[in-house]
Enquirer: 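Pasting a structure below so you can have a look.
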There are 2 protein chains.
Amino acid sequence: MPGPYRWRKRVEGHFCRWTMPREAILDLLTRTSQHLTAKEIYASLLQLYPGIGLTTVYRTLDLLEKSGLIKKFNFGRGENRYEFASENKPHHHHLICTKCGQIIDYSDFANEELELVKKTAKHLAEKYKFIVHDHNIEFYGLCQQCQKRQ
Amino acid sequence: MPGPYRWRKRVEGHFCRWTMPREAILDLLTRTSQHLTAKEIYASLLQLYPGIGLTTVYRTLDLLEKSGLIKKFNFGRGENRYEFASENKPHHHHLICTKCGQIIDYSDFANEELELVKKTAKHLAEKYKFIVHDHNIEFYGLCQQCQKRQ
DNA sequence: TTATTAATGAAAATGGTTTTCATTATCATA
DNA sequence: TATGATAATGAAAACCATTTTCATTAATAA
Ligand SMILES: [Mn+2]
Ligand SMILES: [Mn+2]
Ligand SMILES: [Zn+2]
Ligand SMILES: [Zn+2]
């Protein structure tokens, strides 16, 4: 019920009404570096905001994604994961451990990668008349811990 | 019940027993250029093999994927899609239309891409002690038809 | 303050996938 | 070729992330 609505101004125009659950969900995502599922977000907010519903979490995540404030990922483990996105935050991709599910953000070789991505996107636009809006790059393998334990 | 079991020899060692459903599913995937869902495979085989069960399709796809004969993709539309994979088949990535779901294979700039991927993988191995086994690149956007209609 | 109606949350529904379990079919062995 | 051990199958039920429904609540404009 409280809430200074820190995000209201930055979010104006995207939403008809700005509410407590929306504030809480967006705020949580801006504070964590993790890639959370809807259930994890729900569980985390339940302490602060006992009345919140999982349905609202799903609906809010959809809205936030559609307005470009967050990004949705499916790392192939059944549930979607979300992370905050903004212009300030540097463009990055993911390293996914196929054993434990750990996700590492990396942005190495961002320039070279961007160059290749741009070039490819331009080429694909010509060859297939396909307009590229976004791209996704991910590496799959084993994290350090999972290499150790066999 | 018939079936010359065309794939048995190439598949030896991966499976305890080679069966009609396994032959049929693998054969279908080698014959199509599409990225099929379990249900699509099931529907397609039902004509040829009326007794087949969707459960078996799911189980077989898991096995085929684990033995590296096919690849599993989640293009963010709820169901997984599968495609045949082999050394002969050139390495490629995907262009996904976010409106109609069409999937286009492309392998342009494969050399440059592979170079960057290798370099990045090596760097990530050093920096994060992460062993890269595979990678995935996809472009999202609008196909030609979907650009036209609106 | 009030009225409008967008947003919420509980419960039920949905849909892809997995599990269970009795039956069937494969294949090594005789 | 016949046989037995057991891997594989398929129908039904369970599972689980997500969506839909609908009565209630709360945000905002007037
Ligand atoms: Mn990330
Ligand atoms: Mn493909
Ligand atoms: Zn790991
Ligand atoms: Zn399209």
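In what follows, chains are A, B, ... by sequence order, proteins preceding strands, each numbered from 1. No experiment lies behind these values; they were computed from the predicted model shown. Values below: all heavy atoms of this structure, side chains included; hydrogens, waters and symmetry mates excluded.
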Enquirer: What's the closest nucleotide to the side chain of A:E79 if the choices are D:dT18, C:dT8, D:dT28?
Expert: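 Nearest listed nucleotide: D:dT18.
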Enquirer: Among D:dT18, D:dA5, D:dT19, which is the nearest nucleotide to the side chain of A:D62?
Expert: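 Nucleotide nearest to A:D62's side chain: D:dT19.
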Enquirer: Rounded off to whole Å, could you give me the NZ-to-C1' distance for the B:K72 and C:dT18 pair?
Expert: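 Distance check: B:K72 NZ to C:dT18 C1' gives 11 Å.
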Enquirer: When the distance from CG of B:L64 to P of D:dA8 is rounded to whole Å, what number comes out?
Expert: 12 Å
Enquirer: Give a yes/no on whether any side-chain N or O of B:Y58 is located under 4.0 angstrom from OP1 or OP2 of C:dT17.
Expert: yes
Enquirer: Please evaluate residues B:K89 and B:D105 with respect to the criterion salt bridge (charged side-chain N to carboxylate O under 4.0 Å, His left out), reporting the C-alpha separation (whole Å), side-chain torsions for both, the decisive distance (0.1 Å), and the verdict.
Expert: CA-CA 12 Å; B:K89 204 175 168 186; B:D105 287 342; 5.3 Å; no
Enquirer: With a sphere of 6.0 Å drawn around NZ of A:K118, does it hold more than 12 non-hydrogen atoms of other residues, nucleotides or ligands?
Expert: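 No - once you tally the heavy atoms of other residues, nucleotides and ligands closer than 6.0 Å, there are 12 at most.
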Enquirer: Can you tell me the distance, in whole Å, between the CG atom of B:L61 and the P atom of D:dG10?
Expert: 13 Å
Enquirer: Could you check which of D:dT19, C:dT26, C:dT5 has an atom nearest any side-chain atom of A:R17?
Expert: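 Nucleotide nearest to A:R17's side chain: C:dT5.
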Enquirer: For B:K66 and D:dA8, what is the distance between atoms NZ and P respectively, to the nearest whole Å?
Expert: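 In whole Å, D:dA8 P and B:K66 NZ are 13 Å from each other.
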Enquirer: Measure the distance from CE on B:M20 to P on D:dG10 and round it to the nearest whole Å.
Expert: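 Computing the B:M20:CE to D:dG10:P distance gives 10 Å.
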Enquirer: Would you say D:dT19 has OP1 or OP2 under 4.0 Å from some side-chain N or O of A:T55?
Expert: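 So the side chain of A:T55 is outside the cut-off, no N or O lying under 4.0 Å from OP1 or OP2 of D:dT19.
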Enquirer: If you measure only the distance, is there a donor-acceptor pair under 3.5 Å linking the side chains of B:E138 and B:H94?
Expert: no
Enquirer: Counting side-chain heavy atoms from CB outward, which of D:dG10, C:dA7, C:dT17 is closest to A:C16?
Expert: C:dA7
Enquirer: Indicate, with a heavy-atom threshold strictly under 4.0 Å, whether A:R77 touches base, sugar-phosphate, or nothing.
Expert: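 Nothing, no nucleic acid heavy atom in range.
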Enquirer: For the pair A:W18 and A:F15, name the ring-plane relationship: parallel under 30°, tilted 30 to 60°, perpendicular over 60°.
Expert: tilted
Enquirer: Give me the atom names and distance for the closest heavy-atom approach of B:L63 to B:R22.
Expert: CD1-NH2, 3.3 Å
Enquirer: Considering just the side-chain nitrogens and oxygens of A:R22, establish if one lies under 4.0 Å of OP1 or OP2 belonging to C:dA7.
Expert: yes
Enquirer: Can a side chain N or O of B:Y49 be found less than 4.0 Å away from OP1 or OP2 on D:dG10?
Expert: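 For B:Y49, the contact criterion (side-chain N or O under 4.0 Å from OP1 or OP2 of D:dG10) is met.
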Enquirer: Kindly say if B:T56 contacts the phosphate of D:dA8, meaning a side-chain N or O under 4.0 Å from OP1 or OP2.
Expert: no
Enquirer: Find the distance B:N74:CG to D:dA17:C1' and express it as a whole number of Å.
Expert: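 Those two atoms, CG and C1', are 12 Å apart.
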Enquirer: Could you tell me whether the phosphate oxygens of D:dT18, OP1 or OP2, come under 4.0 Å of any side-chain nitrogen or oxygen in A:N80?
Expert: yes
Enquirer: Quickly work out the B:F15 CZ to C:dC27 P distance and round it to whole Å.
Expert: 12 Å
Enquirer: Can you check whether any acceptor in the base of D:dG10 is under 3.5 Å from a donor in the side chain of B:R59, or vice versa?
Expert: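 Yes, the side chain and the base share a sub-3.5 Å donor-acceptor pair.
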Enquirer: Nearest-Å distance, OH (B:Y82) to P (C:dG16)?
Expert: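 Rounded to whole Å, this separation is 12 Å.
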